[in-house]
2 protein chains.
Amino acid sequence: MSKDKEPVTGGFDINLLLPFQITQLSTRLAAQARRIIARHGDLTLPQWRIIRIVAAGVASRSTAVRKSSGIDKGQFSKTINVLVDQGYILTRPCAGDQRQFEIVLTPKGHAAHERLAPELDARQRHLMAALTPDQRAVIFPAIRALAEAAETIDFLETPSTED
Amino acid sequence: MSKDKEPVTGGFDINLLLPFQITQLSTRLAAQARRIIARHGDLTLPQWRIIRIVAAGVASRSTAVRKSSGIDKGQFSKTINVLVDQGYILTRPCAGDQRQFEIVLTPKGHAAHERLAPELDARQRHLMAALTPDQRAVIFPAIRALAEAAETIDFLETPSTED
DNA sequence: CGAACAAGGTTGACATGTCCACTTTAATGA
DNA sequence: TCATTAAAGTGGACATGTCAACCTTGTTCG
């Protein structure tokens, strides 16, 4: 390369690296959510996601809740056990499929949801309000398109010689 | 709202939850990057980020590299030690500030960068190509706006009674 | 029916990320 | 100059995420 290095970025602009920006944003959003949740109790972020899904009626069977939450199988199993131990949820056999189980909120679980849901909803509105109408219009399709593009590495040649 | 709940989502649509979508996308992008990096060696994702920043000339002083990488202070320290042990980088005293150090790539570090940079660049183009021109035009400002909105929770009332 | 396969959950090992206390060095100010 | 504060790096404790092996239950098909 015969080009002198740029003053700040030196050849490439890290601000234009999409995956890096997404990761940074994700980290900040998680930190913000943790701050809000921590004000009202001792729930962790994955715990809250599970409670929210069940409380909102999105799902109650274990597999459906797990897939909605986007949590790893193993991690999900461990998180459920903690939630049961702490008295936020109950599990009971699932009618029609003995491999799964049903998840039910205890009064403590419902109370946590009642406290937190309004604040997290307000936060969602706060975030959406930070976007311009143009940005709001395209952000979700853009995320979906990127998620699909992230599923494959077929755009690369096969490594060195094919093995 | 007097509207009945929707059939599938039961009151809210998890697909409209921005932080959740961002987190999922971030996870998928990281997995894609790991797959690419794993084809060419044993570098981890944070290790690669550091090498890329130094190789591109974005920064070489420890604090500048750390902040560019967005990695936690403690994590950064440990990752640097591993990179030194594995022979990818060298550290030397930093002229003018004895608290910091300079980071220099070894030949092994340069070689890793030469191998991986083209593939990661191709991946970046692949991702950008998945977006429509409209989406490309607003994605970065949107990310910036959300990152700023994620920095504060001032939009919430003070919790219960002020403590 | 029964064997083979798929789906779901559990567990453990390990990697990564977060948080905090601590030490050293630099910068500030009386 | 000397005390105080801020900035930087280190290391430990802990939470979270990733991956793979394993067992149980359901499903498919000969």
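We name chains A, B, ... by the order of the sequence lines, and we start the count at 1 in each one.
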J.: Say you draw a straight line from CZ of A:R125 to CG of B:L18; how long is it, rounded to the nearest 0.5 Å?
T.: 14.0 Å
J.: Output the distance between atom CG (A:D97) and atom OG1 (A:T63), rounded to the nearest 0.5 Å.
T.: 7.0 Å
J.: Nearest-Å distance, CG (B:L45) to P (D:dC19)?
T.: 12 Å
J.: In whole angstrom, give the distance that lies between atom CZ of B:R34 and atom C1' of D:dT18.
T.: 7 Å
J.: Determine whether a donor-acceptor pair (N or O, by modelled atom type, separation under 3.5 Å) exists between the side chain of B:R136 and the backbone of B:M128.
T.: yes
J.: What's the separation between atom OG in A:S26 and atom CG in B:L146, rounded to the nearest 0.5 Å?
T.: 11.5 Å
J.: How about B:Q47 and B:T79: does a side-chain donor come under 3.5 Å of a side-chain acceptor?
T.: no
J.: Could you tell me whether the side chain of A:Q24 and the main chain of B:A147 form a donor-acceptor pair under 3.5 Å?
T.: no
J.: Send over the distance from B:I71 CD1 to D:dG9 P, rounded to a whole Å.
T.: 13 Å
J.: Reading DNA chain D from 5' onward, which residue's closest nucleotide shows up sooner: B:F101 or B:A30?
T.: B:F101
J.: Take atom CD1 of B:I37 and atom P of C:dA15, then tell me their distance rounded to the nearest Å.
T.: 16 Å
J.: Is it true that a side-chain atom of B:S69 and a backbone atom of B:R49 form a donor plus acceptor pair closer than 3.5 Å?
T.: no
J.: From the list C:dG17, C:dG9, C:dG8, which nucleotide is the closest neighbour of the side chain of A:K67?
T.: C:dG8
J.: So among B:I53, B:L116, B:I36, which one has a side-chain contact (heavy atoms from CB on, under 4.5 Å) with B:W48?
T.: B:L116
J.: Quick one: does A:S60's side chain have a donor or acceptor within less than 3.5 Å of a partner on A:E102's backbone?
T.: no
J.: Expressed in angstrom and rounded to an integer, what is the separation of B:I50 atom CD1 from C:dT16 atom C1'?
T.: 13 Å
J.: Please determine if a side-chain N or O atom of B:T27 lies less than 4.0 Å away from the OP1 or OP2 oxygen of D:dG17.
T.: no
J.: Could I get a table of every N or O pair under 3.5 Å where one atom is in the protein and the other is in nucleotides 23-29 of chain D?
T.:
from: D:dG26; atom 1: OP1; to: A:Q98; atom 2: N; distance (Å): 2.8

J.: Rounded to whole Å, please give me the gap between CZ in B:R35 and P in D:dT18.
T.: 13 Å
J.: Is the shortest side-chain N/O distance from A:T63 to OP1 or OP2 of C:dG9 below 4.0 Å?
T.: yes
J.: Among residues 72-93 of chain B, which residues get a heavy atom nearer than 4.0 Å to DNA chain D?
T.: B:K73, B:G74, B:S77, B:K78, B:N81
J.: Find the distance B:Q100:CD to D:dA6:P and express it as a whole number of Å.
T.: 19 Å
J.: Given atom CD of A:Q24 and atom P of C:dG17, what is their separation to the nearest angstrom?
T.: 11 Å
